[in-house]
Amino acid sequence: GAVVSQHPSRVICKSGTSVKIECRSLDFQATTMFWYRQFPKQSLMLMATSNEGSKATYEQGVEKDKFLINHASLTLSTLTVTSAHPEDSSFYICSARDPRTYEQYFGPGTRLTVT
Amino acid sequence: DAKTTQPPSMDCAEGRAANLPCNHSTISGNEYVYWYRQIHSQGPQYIIHGLKNNETNEMASLIITEDRKSSTLILPHATLRDTAVYYCIVGNGNKLVFGAGTILRVKS
């Protein structure tokens with residue numbers, strides 16, 4: 001199957017700093033990528049839809065000024081958690097949609113810990 | 001997107017078939033049924049998807065009822081490595097909305 005990578009896999013940062021997470025589709029050009037977060041023992045929650053060359057679409061309740069999404073190329077989307085706080089500590093997962101099949105492939109996730 | 005209902009957990013003996021049910025009574029005509037699984041602390045892994053016909057691949061089989069209101073994912077010979085959370089999702093190829101899923105425990 002197609003491969004989606006994320007970097008970094010783990011990050012620890014101090015409260016008040018910003019953290020950038022990268023999501024890359026390695027086998028296909030993804031015009032659409034998605035960002036999810038997952039708290040312990042919970043399901044994945046969709047945060048936003050990232051569209052190449054246009055603004056991201058955020059789900060209800062997700063602060064767009066706090067979670068900045070940039071989809072500058074067909075293979076890369078980035079999520080920046082600005083002014084991170086301990087409650088932002090979570091598992092962040094991206095997915096990329098293959099435009100040829102509409103199948104979605106998920107990255108391995110990024111574990112963010114804010115101290 | 002239509003919602004799905006899955007049992008919270010299931011156990012299966014190693015080597016036996018695991019049959020995971022999913023109800024999606026409000027599915028609309030252009031929505032597919034997708035199955036993903038998530039092993040602890042990893043990203044979800046695609047298993048299979050279908051519209052109305054039964055589907056089979058190297059991982060699993062998907063049986064969709066004629067009225068499309070429910071489906072069953074079949075892992076023909078479950079192994080310990082199949083222990084995971086299995087998510088049944090319906091959608092039209094756009095965003096995927098995850099429910100709580102079924103925790104499948106394969107036991108030796």
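Note on naming: letters A, B, ... go to the chains in the order of the sequence lines (proteins, then strands), and numbering restarts at 1 for each one. None of these values were measured; they are calculated from a predicted model.
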Heavy-atom distance under 4.5 Å to chain B: side chain of A:Leu44, backbone, both or neither? both
Any donor-acceptor pair under 3.5 Å from A:Thr82 side chain to A:Leu68 backbone: no
Could you tell me which residues in residues 5-15 of chain A have at least one non-hydrogen atom under 4.5 Å from a non-hydrogen atom of chain B, sorted by residue number? none
Side chain, backbone, both or neither: which part of B:Gln45 has an atom under 4.5 Å from a heavy atom of chain A? neither
Taken in chain and number order and not counting sequence neighbours, the residues that satisfy side-chain hydrogen bond (donor to acceptor under 3.5 Å, both in side chains) with B:Ser25 are none
Under a 4.5 Å heavy-atom cut-off, does chain A meet the side chain of B:His49, its backbone, both or neither? side chain
Answer yes if the ring centres of A:Tyr36 and B:Phe98 are under 6.0 angstrom apart, and no otherwise. yes
Checking ring pair (Phe, Tyr, Trp, His ring centres under 6.0 Å) between A:Phe106 and each of B:Tyr36, B:Tyr34, B:Tyr46, which is the one that passes? B:Tyr36
Distance from B:Asp11 atom CG to B:Ile103 atom CD1, nearest 0.5 Å? 10.0 Å
Are the side chain of B:Thr102 and the backbone N or O of B:Pro7 linked by a donor-acceptor pair below 3.5 Å? yes
Backbone N or O of B:Ala60 within a donor-acceptor pair of the B:Asn57 side chain at under 3.5 Å? yes
